[in-house]
Amino acid sequence: MAVSEDFPVGLRVMVVDDDPVCLLILQRMLHQCRYRVTTCSCATQAYTMLRERQDTFDLVISDVYMPDMDGFRLLELIGLELDLPVIMMSANGETSLVMKGITHGACDYLLKPVRIEELRNIWQHVVRKKGTFDFNRDNCSIDWDSNKTLVEVQSEDHGSRKRKGNIELSDAMIEDANSLKKARVVWSSELHKKFVNAVNQLGIDKAVPKSIMEIMRIQGLTRENVASHLQGLIRLLKA
DNA sequence: GGCTTAATAT
DNA sequence: GATATTAAGC
């Protein structure tokens, strides 16, 4: 059973936000929480995808303010046609807005900036709504075969309820499946420049990963990333 | 327990 | 070769 540290792994989450930066951040954090994430930058597209691929999502997180469709409208549509838990999200925490979210059927309301701690437990909404969560589904891990076709791989359970056949995928999902493999940080000259600046600012003897990272202020860049880069640099300085 | 650094893996 | 991950030491 794919449960680690009491977490159901692989819950399928759709994130809708017109701000690509927010999308990226959310995606990162959700991945860190071991969810499978599909992102969508416009509500109408999200709605289409959700409707076309019912049963391929467990949970939706949607921004409130979006250019093409109000988040509440999306919430309403989902509540009408699909039976998915929806979490609303906004930088605006006015009680009236939050109220509106809840009364329209949202199961939660996240305030931006969203902290990862708040995402860790969102799977509970799925359990709550469905009354159950089919952990067994996770016996099927998703993997790429050599033809870059997504197939469902059955685990030891050669039981009765075998689902057969390949799954058709939207581009968004394909892209996400790729991103499940942890994206490596690429140290562009731009990024490296900031790194060097931080090091100089600290002074060479005080330049440790944590401080460097804090000065750089790059969203998503971890201390480990900086440590690794620092080590690589030191190594070739000695060579 | 968190952090840095060295060693090792991908 | 670059970056990640793990192990060791502080």
Side-chain angles (χ1 to χ4, degrees), chain A residues 1-13 15 20-39 110-124 135 138-156 167 169 171-239:
Chain A
M1 181 178 298
V3 179
S4 116
E5 292 151 18
D6 294 328
F7 270 68
V9 170
L11 199 79
R12 299 156 304 179
V13 182
V15 186
V21 177
C22 283
L23 272 185
L24 211 62
I25 294 172
L26 260 292
Q27 190 185 39
R28 273 205 125 90
M29 293 198 293
L30 286 165
H31 273 155
Q32 220 169 314
C33 295
R34 318 274 265 132
Y35 297 116
R36 272 139 74 186
V37 189
T38 303
T39 57
L110 299 179
L111 223 54
K112 286 185 187 176
V114 177
R115 295 169 312 128
I116 192 164
E117 297 82 60
E118 302 176 287
L119 297 175
R120 289 230 160 83
N121 294 321
I122 56 174
W123 60 271
Q124 293 175 358
F135 290 104
D138 291 330
N139 275 340
C140 309
S141 62
I142 290 189
D143 215 346
W144 295 97
D145 69 15
S146 43
N147 294 325
K148 287 277 187 283
T149 314
L150 193 70
V151 296
E152 288 231 309
V153 181
Q154 281 294 105
S155 63
E156 337 327 307
I167 306 172
L169 288 173
D171 289 345
M173 293 176 79
I174 288 171
E175 197 192 313
D176 181 65
N178 283 327
S179 70
L180 266 184
K181 296 161 193 151
K182 55 214 97 177
R184 285 164 61 109
V185 170
V186 34
W187 287 88
S188 61
S189 57
E190 193 58 22
L191 196 56
H192 179 70
K193 207 158 104 188
K194 288 185 177 155
F195 170 85
V196 173
N197 280 339
V199 171
N200 288 333
Q201 192 172 323
L202 284 163
I204 192 67
D205 46 333
K206 278 280 154 198
V208 293
K210 184 170 194 239
S211 320
I212 297 171
M213 176 195 67
E214 279 164 357
I215 291 180
M216 288 179 72
R217 294 177 175 281
I218 304 292
Q219 161 59 235
L221 192 70
T222 68
R223 181 167 47 79
E224 287 84 352
N225 293 138
V226 175
S228 176
H229 188 59
L230 185 60
Q231 293 198 11
L233 211 66
I234 290 170
R235 197 161 42 241
L236 71 96
L237 270 175
K238 288 199 283 204

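Note on naming: letters A, B, ... go to the chains in the order of the sequence lines (proteins, then strands), and numbering restarts at 1 for each one.
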**Q** Any side-chain heavy atom of A/L23 sitting closer than 4.5 Å to one from A/Q27?
**A**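 No. Closest side-chain heavy atoms not under 4.5 Å.
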**Q** Can you name the residues that form a side-chain hydrogen bond (donor to acceptor under 3.5 Å, both in side chains) with A/R223, not counting sequence neighbours?
**A**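 For A/R223 there are no side-chain hydrogen bond (donor to acceptor under 3.5 Å, both in side chains) partners, ignoring immediate neighbours.
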**Q** Any residue in residues 222-230 of chain A with a heavy atom nearer than 4.0 angstrom to DNA chain B? Just list them by number, or reply none.
**A**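 Going residue by residue through residues 222-230 of chain A, the ones with a heavy atom under 4.0 Å of DNA chain B turn out to be A/R223, A/A227.
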**Q** Does A/I204 have more than 12 heavy atoms from other residues, nucleotides or ligands lying within 6.0 Å of its CD1?
**A**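 For A/I204, atom CD1 is not crowded (no more than 12 foreign heavy atoms under 6.0 Å).
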**Q** Could you tell me the separation between the CG atom of A/L191 and the C1' atom of C/dT3, rounded to a whole number of Å?
**A**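 The distance from CG of A/L191 to C1' of C/dT3 comes to 13 Å, rounded to the nearest Å.
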**Q** Are A/L26 and A/L119 side-chain neighbours, meaning at least one heavy-atom pair lies under 4.5 Å?
**A**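 Sidechains of A/L119 and A/L26: in contact.
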**Q** Quick one: which protein N/O atoms are closer than 3.5 Å to N/O atoms of nucleotides 7-10 of chain B? Pair and distance per line, please.
**A**
unit_1	atom_1	unit_2	atom_2	d
B/dA7	N6	A/Q231	OE1	3.2

**Q** Between C/dA4 atom P and A/H31 atom NE2, what is the distance in whole Å?
**A**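 Distance check: A/H31 NE2 to C/dA4 P gives 16 Å.
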**Q** Could you state the interatomic distance from CG (A/N225) to CZ (A/R184), rounded to the nearest 0.5 Å?
**A**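 Here the interatomic distance stands at 10.5 Å.
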**Q** Nearest 0.5 Å please: distance from the CD1 atom of A/I218 over to the CD1 atom of A/I212.
**A**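 So the gap between those two atoms works out to 13.0 Å.
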**Q** Do A/I25 and A/R28 have side chains that get closer than 4.5 Å, going by heavy atoms?
**A**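 With C-beta onward as the side chain, the pair stays apart.
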**Q** When rounded to the nearest 0.5 angstrom, what is the spacing between CZ in A/R34 and CZ in A/R120?
**A**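 Rounded to the nearest 0.5 Å, the CZ-CZ separation comes out at 12.0 Å.
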**Q** Heavy-atom contacts under 4.0 Å between residues 194-214 of chain A and DNA chain B, which residues?
**A**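 The stretch gives A/V208, A/P209, A/K210 as the residues lying under 4.0 Å from the strand, ordered by number.
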**Q** Is there any side chain to side chain donor-acceptor pair (under 3.5 Å) pair reaching into residues 197-206 of chain A, and which pairs are they, with sequence neighbours excluded?
**A**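 Matches after skipping sequence neighbours: none remain.
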**Q** To the nearest Å, how far apart are A/L233 CG and C/dG1 C1'?
**A**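 From A/L233 CG to C/dG1 C1': 14 Å.
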**Q** Donor-acceptor pairs are to be reported for all side-chain atoms of residues 186-196 of chain A against protein atoms at under 3.5 Å, with residues two or more places apart or in another chain.
**A**
unit_1	atom_1	unit_2	atom_2	d
A/S188	OG	A/L191	N	3.1
A/H192	ND1	A/H229	NE2	2.9

